[in-house]
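So the structure is just underneath, and the comments pick up after that.
Computed from heavy atoms alone, side chains included, the values below leave out hydrogens, waters and symmetry copies. This is a predicted model, so every value here is computed, not measured.
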Amino acid sequence: MKNVTIQKRVGVLGCPSDITILFDERPKTVLKKDQDEVVIPVASTEVTIQGEIELNGRVYRSNAYFVLNGKCPKLLLDISGAKMVLSVNKGE
């Protein structure tokens, strides 16, 4: 089993709520508003990861990141208000 680490970086508009982390369009875990990082075990060799928040009855999602061949990346979730971008954390 591998782990995917997702680190949150908050922009000028803040992080308005908890972020649901989706694996293959299904909720996997929640990155709480006051959390900076979450480590998620991955059993599959291929998975699509997204962040999702709900604001004022509307659902917003980040871009999708594809984990292939059982790799265990460290991802960065940049969030500012309802805008979220998921990318590889090159600082690690």
Side-chain angles (χ1 to χ4, degrees):
M1 180 146 336
K2 304 283 185 165
N3 289 323
V4 172
T5 302
I6 300 175
Q7 296 175 324
K8 180 173 62 178
R9 183 168 61 187
V10 179
V12 294
L13 296 178
C15 180
S17 65
D18 295 343
I19 303 163
T20 302
I21 304 298
L22 306 172
F23 275 28
D24 295 330
E25 301 277 329
R26 293 184 193 101
K28 181 73 172 179
T29 192
V30 175
L31 182 57
K32 298 288 185 183
K33 185 177 178 177
D34 59 348
Q35 273 184 296
D36 292 329
E37 177 178 287
V38 66
V39 178
I40 308 162
V42 180
S44 172
T45 59
E46 297 182 4
V47 66
T48 303
I49 302 171
Q50 284 182 291
E52 176 182 275
I53 59 173
E54 186 174 336
L55 295 172
N56 302 321
R58 298 188 76 182
V59 174
Y60 300 91
R61 285 190 180 178
S62 72
N63 57 305
Y65 183 84
F66 301 95
V67 175
L68 303 173
N69 300 323
K71 294 185 180 178
C72 47
K74 293 186 186 224
L75 303 177
L76 186 61
L77 182 61
D78 281 305
I79 181 166
S80 187
K83 181 180 178 187
M84 292 182 289
V85 177
L86 192 58
S87 61
V88 173
N89 187 348
K90 295 183 179 168
E92 291 288 320

Least distance between heavy atoms, [X] atom then [Y] atom:
X	Y	value
I49	L86	O-CD2, 3.6 Å
P27	T20	CB-CG2, 3.9 Å
G81	P16	O-CD, 3.4 Å

Gap separating the [atom1] atom of [X] from the [atom2] atom of [Y], nearest 0.5 angstrom:
X	Y	atom1	atom2	value
I79	S17	CD1	OG	6.5 Å
F23	T48	CZ	OG1	10.0 Å
I21	L31	CD1	CG	5.5 Å
I6	I19	CD1	CD1	9.0 Å

Taking [Y] as the starting point, is it possible to reach [X] by hopping between hydrophobic residues whose side chains are less than 4.5 Å apart?
X	Y	value
V47	Y65	yes
V38	V88	yes
Y60	V10	yes

Any side chain to side chain donor-acceptor pair (under 3.5 Å) involving residues 22-36? Give me the pairs, sequence neighbours left out, ordered by first then second residue.
E25-R61
Scan K83, K8, R9 and name whichever one has a salt bridge (charged side-chain N to carboxylate O under 4.0 Å, His left out) with D78.
R9
Under 3.5 Å, is there a donor-acceptor pair between the side chain of S62 and the main chain of G51?
yes
4.5 Å side-chain heavy-atom contact, M84 and L77:
yes
